Amino acid sequence: MHMTLRTRAVALAAALFAASLAQAAPPAFTPRWQIDGNAIRWQVADAHRDQLEMSGRQVSAVIDYGSQVDGTLLLSRTVVWPMLRTIPDDTHASLIRKFGPEATPAIAIDGAPAAAEQLRQVRFDGRLALQSQLAPGLLLTRTLTPSPDEPALVERLELVNNGKTARRYSFAALATSETTPAERGTHGAYVIEVRSPAREGTLAPGARTHVDVIISGRLQNEMVYVDGEEALQARARKVAQWRDELVLETPDPVLDAMFAFSKVRAAESVFATRGGLLHGPGGTRYYAAVWANDQAEYVNPFFPYLGDRAAVQSAVTSFGLFARYMNAEYKPLPSSIVAEGRSYWNGAGDRGDCAMISYGASQFALAQGDAGTARQLLPLINWCLEFTRRQRDADGIVHSDSDELEGRFPAGKANLSTNVLAYGGLTGGARLNAALGDPQRAAALQHEAQEQRAAIERYFGASIGGYDTYRYYAGNDKLRAWIALPLALGITERQRGTIDALLSPQLWSENGVLTEAGDKTFWDRATLYALRGLLKAGELERTMPYLRYYSGRRLLGEHVPYAVEAWPEGQQRHLSAESGLYARVMTEGLFGIEPTGLRSFSFAPRLPKGWPRMALRRIRAFGAGEQGEGLELATTRVKTTQPGQPTQRVLVRLDGKTLLDRAWDGKAPLQVTLPD
């Protein structure tokens, strides 16, 4: 009897262990929204609320919207003016105001106050349109957009008569103003205004009319004029411009649409600060400032592919700000430079920031494909590599005070993230030096990179949670999300175990990869690195269900349409750099693009099962230029009659001229060099 119980216990333990090694299946997903051309649309049938952020050069706005239990419209607008700095002039010193019903003009229909708006449809195409029934036969559509260039949020209220009889209407004027105390602003007093003209008349059947509400902020001695129509059209043109560059074409409309929206969120969050154009994460907290992770590591390496001039300039500006803090004593660079470049934050100590910067700056310089820019950034990259070198111990492991989570989860004295990014910085630095004509320096850095890689394997390689993968720090005994980093940066020694661990029930959840096994916290940045790494490693068929699920949930689910920061912290803010990471899932993951020089790259565009073709068009990286058709990568499936024959045909064009056209077996990455 004792042996029988023991046998059963062993069998149960074995079964539980086998279950822990099983692959977590993506849960069922029912979309709330639908794709509608270049937009997404929600046909309102129940109570629901959500929020999204939109940004222009001098303003950002988080719009809370939805339908309440009785069907009435819920709407508030949190408007941020990043360059109207408050005191103390720190990371969070943007002027912010929240506007509710008081920012809506009083509306009367046939001489009586209009009833509460009943929300019927929400549509987002880069501008947010909220369509409500105001009265039988009368529709009111609110279209909200940031001004692309002025410090203002524009909200157009358009009234349409779909009935059979004429209706009298009136919009009351709005003219409110607040002047902030001069002693609370770094530039004195600021003026916040809400203005909308009065309008009244008779609306014939089929006719429409509108008024524009302008919410603006300015210096007291400054004048701001915003034309609502001009702002609405300028925003539409800008969104169309982002959509028309770096175009993803696949048989999956959700992936294509999520990629298109990710470009918008990543590129719109560039602000015209007194320190130059600066990309900012957003979320009502992070503006007029840059971080070694969000900007240097996450989003800057993406901008050359999109080719947006302001975004590229913001990357150069951010690296220039970090370069100001290089010093002969090799004290750490700040984690963040804030207040339009006037101050800094380093409250978490050295987070491995120099590893982040050397990796991100080298990837950006290579992808930008401009020798002048590369030479401008090379001193910063070399300084960061030397700083990191000085943090190595006798075992070749780089020490840092924390990582990008800044102590939220344990990271020990040396963590996997910092060490893998240090490897990425060395590899990128080697390629950049080679491209700039210093083969000796390039060879030395490449040798150092291989030593770093070997040290990572020796120190971090471990069995964790039953998987042959990596420990995150000495003493770590729980799976961590950042085991995805080696895959994303091409470290393959523990590829199989790491893939199994990332897709296991221990790490994968309905919200993507958990920060740590056994916890409920998630940060999208880790999920996006994981998806990129899994695809780059060629783990296509196992990964695609997760990519489709994640994309559908973020684009068409309950909180749309972008990648988010985290939960529970921040309540899933739409921070913009995460959208850049989503785009990199496609460019570096699905298409496997990896810069090898200023005018060269490798790529591995593996076709998922059931896809006849896919393409990435109008790529601006590697010096392809802002004009013309740019670079095009396309692949189609080839019917084969014998095992081992090539299954794809790959085409590379530059401005319509074919550079490569060949059959490919889907294995070793292809090499491409653009003509000078």
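This structure is a prediction, so every number in the text was calculated from the model and none was measured.
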Practice task
Could you go through the side chain to side chain donor-acceptor pair (under 3.5 Å) check for Asn511 and Ser509 one step at a time?
Solution key: CA-CA 5 Å; Asn511 287 297; Ser509 75; 4.9 Å; no
Exercise for the section: Flag yes if more than 12 heavy atoms outside Gln68 fall under 6.0 Å of its CD atom; otherwise flag no. Expected result: yes
Practice task
Check each of Leu616, Asp256, Leu255 against Met586 using the side chain to side chain contact (heavy atoms under 4.5 Å, CB included) test, and report the only one that passes.
Solution key: Leu255
Handout entry: Side-chain touch Ser60/Glu53, heavy atoms, less than 4.5 angstrom
Key = yes
Handout entry: Those residues that, when tested against Phe302, pass ring pair (Phe, Tyr, Trp, His ring centres under 6.0 Å) (two or more places apart)
Key = none
Problem - Ion pair Asp308/Lys238, N-O distance below 4.0 Å - result: yes
Exercise for the section: Could you check if a side-chain atom of Arg237 sits within less than 4.5 angstrom of a side-chain atom of Arg235, using non-hydrogen atoms only? Expected result: no
Practice task
Among residues two or more places apart or on two chains, list those pairs meeting ring-ring contact (aromatic ring centres under 6.0 Å, His included) that have a residue in residues 85-138.
Solution key: His92-Tyr286, Phe124-Phe261
Exercise for the section: Measure from the side-chain N and O atoms of Arg57 to the backbone N and O of Val270, and report whether any donor-acceptor pair falls under 3.5 Å. Expected result: yes
Exercise for the section: Using the side chain to side chain donor-acceptor pair (under 3.5 Å) rule, take Thr273 and Tyr287 through it: C-alpha gap first, then chi angles, then the decisive distance, then the call. Expected result: CA-CA 9 Å; Thr273 79; Tyr287 303 91; over 6 Å; no
Practice task
Give a yes or no on whether the backbone of Arg85 and the side-chain of Tyr190 come within a donor-acceptor separation of less than 3.5 Å.
Solution key: yes
Problem - For Tyr550, ring pair (Phe, Tyr, Trp, His ring centres under 6.0 Å) partners two or more places apart - result: none
Practice task
Kindly compute the distance separating CD (Gln58) from CH2 (Trp81), expressed to the nearest 0.5 Å.
Solution key: 12.0 Å
Problem - All pairs passing salt bridge (charged side-chain N to carboxylate O under 4.0 Å, His left out) where residues 136-145 contributes a residue, at least two apart - result: Glu117-Arg142, Arg142-Glu155
Problem - Electrostatic pair Glu249-Arg617, nearest N-O below 4.0 angstrom - result: yes
Exercise for the section: Answer whether the closest heavy-atom distance between the side chains of Arg127 and Leu232 falls below 4.5 Å. Expected result: yes
Problem - Minimum side-chain heavy-atom gap Trp611-Asp252 below 4.5 Å - result: yes
Practice task
Specify the closest pair of heavy atoms between Leu84 and Gly217, including all atoms of both residues, with the distance to one decimal.
Solution key: CD1-C, 3.7 Å
Problem - His48: partners by ring pair (Phe, Tyr, Trp, His ring centres under 6.0 Å), with sequence neighbours left out - result: Trp42
Practice task
Keeping to residues at least two apart or across chains, list the salt bridge (charged side-chain N to carboxylate O under 4.0 Å, His left out) pairs with something in residues 274-290.
Solution key: Arg274-Glu340
Problem - Cationic N near anionic O, under 4.0 Å, Arg618 to Asp244 - result: no
Handout entry: Test item: Leu128 and Leu52 side chains (from C-beta on) under 4.5 Å apart, heavy atoms
Key = yes
Exercise for the section: Please report the shortest heavy-atom distance between Val247 and Arg243, naming the atom on each side. Expected result: CG2-O, 3.4 Å
Exercise for the section: Locate the shortest heavy-atom distance separating Ala231 from Val154; write the atom from each residue and the value. Expected result: CB-CG2, 3.8 Å
Exercise for the section: Without swapping roles, check the side chain of Arg620 against the backbone of Gly625 for a donor-acceptor pair under 3.5 Å. Expected result: yes
Problem - Phe303 ring center within less than 6.0 Å of Phe364 ring center - result: no
Problem - CA sep, side-chain torsions, deciding dist, call: Glu245, Gln241, side chain to side chain donor-acceptor pair (under 3.5 Å) - result: CA-CA 7 Å; Glu245 299 293 340; Gln241 178 185 330; over 6 Å; no
Exercise for the section: For Glu183, look at atom CD and say whether over 12 heavy atoms of other residues, nucleotides or ligands are found less than 6.0 Å away. Expected result: yes
Handout entry: Flag, side chain of His559 to backbone of Gln572, donor-acceptor distance under 3.5 Å
Key = yes
Practice task
Please confirm whether His210 and Phe171 have ring centers closer than 6.0 angstrom.
Solution key: no
Problem - Contact check, side chains of Val191 and Gln220, non-hydrogen atoms, under 4.5 Å - result: yes
Practice task
Starting at CZ of Arg532, measure out to CG of Leu547 and round the result to the nearest 0.5 Å.
Solution key: 13.5 Å
Practice task
Look at the side chain of Thr143 and the backbone N and O of Ala129, then say whether any donor-acceptor pair between them is shorter than 3.5 Å.
Solution key: no
Practice task
Would you indicate whether Arg41, at its atom CZ, is surrounded by more than 12 heavy atoms from other residues, nucleotides or ligands within a distance under 6.0 Å?
Solution key: yes
Exercise for the section: Evaluate whether atom CZ of Arg342 has more than 12 neighbouring non-hydrogen atoms of other residues, nucleotides or ligands under 6.0 angstrom away. Expected result: yes
Handout entry: Test: Glu158 and Arg156 ion pair at under 4.0 Å
Key = no
Exercise for the section: Answer yes or no: is there an ion pair linking Arg653 with Asp655, defined by an N-O contact shorter than 4.0 Å? Expected result: no
Problem - Donor-acceptor contact below 3.5 Å, side chain Ser343 vs main chain Ala339 - result: no
Exercise for the section: Compare all side-chain heavy atoms of Leu528 with those of Arg584 and state whether any distance is below 4.5 angstrom. Expected result: no
Fill in the blank from the handout: Exactly one of Val44, Val160, Leu139 clears side chain to side chain contact (heavy atoms under 4.5 Å, CB included) with Gln131, and that residue is Leu139
Problem - Minimum side-chain heavy-atom gap Gln368-Val312 below 4.5 Å - result: yes
Exercise for the section: Given side chain to side chain donor-acceptor pair (under 3.5 Å), test Ser318 with His279 step by step and report yes or no. Expected result: CA-CA 8 Å; Ser318 71; His279 186 272; over 6 Å; no
